[in-house]
Amino acid sequence: MEYQIKKAMYLVDESGMQQYNDLKEKGFFNSILSSSSVLTLQTDSIALDVPKKYFRYYGKLKIDRRSSTVVRSLITEGYLKDIPRSDNNPHGVLITGWKTLENKDLEDVEKNTF
């Protein structure tokens, strides 16, 4: 997980690092690891304003734990900035001003623990 996060940090400015640090401080990643949870991100849609280089992402995050399955609504937004391509960022695009607008539980279903 740490390896993938480090790779992702090349694709976003300090706004992404701030979100990562906030989640880490709240124990989100430790909780996922200690509970052997499986996370699945499902994209619903992405609204893109090309002239402004603005995007808004709509999706659902499913957290499957041994004891329950939680589904959350996830909405984020940010801007895209063209940068030179590199080995760490082969797309040549940097996400800037990224923030989470919504991350709320939609469902929390308990599992049978026989």
Side-chain angles (χ1 to χ4, degrees):
M1 188 177 347
E2 292 241 356
Y3 173 76
Q4 292 297 330
I5 289 172
K6 284 180 184 178
K7 283 179 57 174
M9 289 300 118
Y10 287 106
L11 308 177
V12 67
D13 69 358
E14 65 277 351
S15 61
M17 182 58 84
Q18 182 62 49
Q19 292 235 7
Y20 168 72
N21 288 334
D22 289 348
L23 288 171
K24 191 173 180 180
E25 200 172 285
K26 292 176 184 174
F28 177 77
F29 300 107
N30 287 336
S31 171
I32 297 299
L33 290 173
S34 67
S35 65
S36 299
S37 298
V38 175
L39 276 65
T40 307
L41 186 61
Q42 177 185 0
T43 301
D44 291 334
S45 64
I46 300 172
L48 185 60
D49 183 333
V50 177
K52 292 182 181 178
K53 296 188 176 189
Y54 167 82
F55 72 90
R56 183 170 283 179
Y57 172 90
Y58 300 88
K60 290 185 179 70
L61 177 63
K62 180 180 174 184
I63 304 171
D64 199 7
R65 300 182 177 109
R66 289 183 195 135
S67 60
S68 67
T69 299
V70 176
V71 178
R72 292 184 177 159
S73 167
L74 182 62
I75 302 173
T76 66
E77 71 176 4
Y79 293 88
L80 305 172
K81 178 181 177 183
D82 293 323
I83 62 171
R85 293 175 189 251
S86 69
D87 290 341
N88 292 321
N89 190 333
H91 307 293
V93 175
L94 186 71
I95 297 171
T96 64
W98 181 61
K99 61 183 171 183
T100 300
L101 302 176
E102 181 176 282
N103 185 8
K104 69 177 183 180
D105 289 356
L106 297 175
E107 288 181 63
D108 189 349
V109 179
E110 295 285 324
K111 293 182 179 178
N112 291 334
T113 54
F114 297 105

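What's counted below: heavy atoms across the whole structure, side chains too, no hydrogens, waters or symmetry copies. Here, residue 1 is the first one in the sequence, and each next residue gets the next number.
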Looking at every heavy atom in both Tyr79 and Lys52, which two are closest together, and how far apart are they?
CD2-O, 3.6 Å
Separation of Asp49 CG from Leu80 CG (nearest 0.5 Å):
10.5 Å
Flag, side chain of Asp13 to backbone of Ser15, donor-acceptor distance under 3.5 Å:
yes
Can you confirm whether more than 12 heavy atoms, excluding those of Glu25, are under 6.0 Å from its CD atom?
no
Please tell me if the side chains of Leu61 and Val71 come closer than 4.5 Å, counting only heavy atoms from C-beta onward.
no
For residues Tyr58 and Thr43, determine if any side-chain heavy atom of one lies less than 4.5 Å from a side-chain heavy atom of the other.
no
Pairwise side-chain contact, Phe55 with Val50, heavy-atom cut-off 4.5 Å (strictly under)
no
Determine, using the 4.5 Å side-chain heavy-atom cutoff (strictly less than), whether Phe28 and Trp98 are members of one ILVMFWY cluster.
yes
In Å and rounded to the nearest 0.5 Å, what is the OG to CG distance from Ser68 to Asp108?
5.0 Å
Side-chain donor/acceptor pairs under 3.5 Å, residues 82-94, sequence neighbours excluded:
{"residue": "Asp82", "atom": "OD2", "partner": "Lys53", "partner atom": "NZ", "Å": "2.7"}
{"residue": "Arg85", "atom": "NH1", "partner": "Pro90", "partner atom": "O", "Å": "2.8"}
{"residue": "Ser86", "atom": "OG", "partner": "Asn88", "partner atom": "N", "Å": "3.3"}
{"residue": "Ser86", "atom": "OG", "partner": "Asn89", "partner atom": "N", "Å": "3.0"}
{"residue": "Asn89", "atom": "OD1", "partner": "His91", "partner atom": "N", "Å": "3.4"}
{"residue": "Asn89", "atom": "OD1", "partner": "Gly92", "partner atom": "N", "Å": "3.1"}
{"residue": "Asn89", "atom": "ND2", "partner": "Tyr10", "partner atom": "O", "Å": "3.3"}
{"residue": "Asn89", "atom": "ND2", "partner": "Val93", "partner atom": "O", "Å": "3.0"}

Do Ile5 and Ile63 belong together in a cluster built from hydrophobic side chains that touch within less than 4.5 Å?
yes
Is there a side-chain contact between Val70 and Val109, using heavy atoms and a 4.5 Å cut-off?
no
So, using ring pair (Phe, Tyr, Trp, His ring centres under 6.0 Å) as the criterion, who are the partners of Phe29 when residues are at least two apart?
Tyr20
Side-chain donor or acceptor of Thr76 paired with backbone N/O of Thr100 under 3.5 Å
no
Just by modelled atom types, is the Arg65 backbone N or O under 3.5 Å from a matching donor or acceptor in the Lys111 side chain?
yes
Taken to the nearest 0.5 Å, the spacing of Ser31 OG from Leu23 CG works out to 11.0 Å
Rounded to the nearest 0.5 Å, what separation is found between the CD atom of Gln42 and the NZ atom of Lys62?
9.5 Å
Decide side chain to side chain contact (heavy atoms under 4.5 Å, CB included) for Glu107 and Thr69; before the verdict, give the C-alpha distance in whole Å, the side-chain angles of both, and the deciding distance to 0.1 Å.
CA-CA 8 Å; Glu107 288 181 63; Thr69 299; over 6 Å; no
Check Thr96 against Lys81 and note the closest heavy-atom contact, atom names and distance.
CG2-CB, 4.1 Å
Taking side chain as C-beta onward, heavy atoms only, is Leu74 less than 4.5 Å from Glu102?
no
Evaluate the side-chain proximity of Leu48 to Arg56: yes if any heavy-atom separation is below 4.5 Å, no if none is.
no
Step by step, work out the side chain to side chain contact (heavy atoms under 4.5 Å, CB included) result for Ser36 and Arg66.
CA-CA 8 Å; Ser36 299; Arg66 289 183 195 135; 3.2 Å; yes
If we only count heavy atoms from C-beta on, is the Met17 to Met9 side-chain gap below 4.5 Å?
yes
I need the Leu39 CG to Arg72 CZ distance, nearest 0.5 Å.
8.5 Å
Non-hydrogen side-chain atoms of Lys99 and Glu77 separated by less than 4.5 Å:
yes
Do Tyr54 and Ile95 sit in the same hydrophobic cluster, where Ile, Leu, Val, Met, Phe, Trp and Tyr count as joined when their side-chain heavy atoms come under 4.5 Å apart?
no
Could you walk me through whether Tyr57 and Leu41 pass the side chain to side chain contact (heavy atoms under 4.5 Å, CB included) check?
CA-CA 12 Å; Tyr57 172 90; Leu41 186 61; 3.4 Å; yes
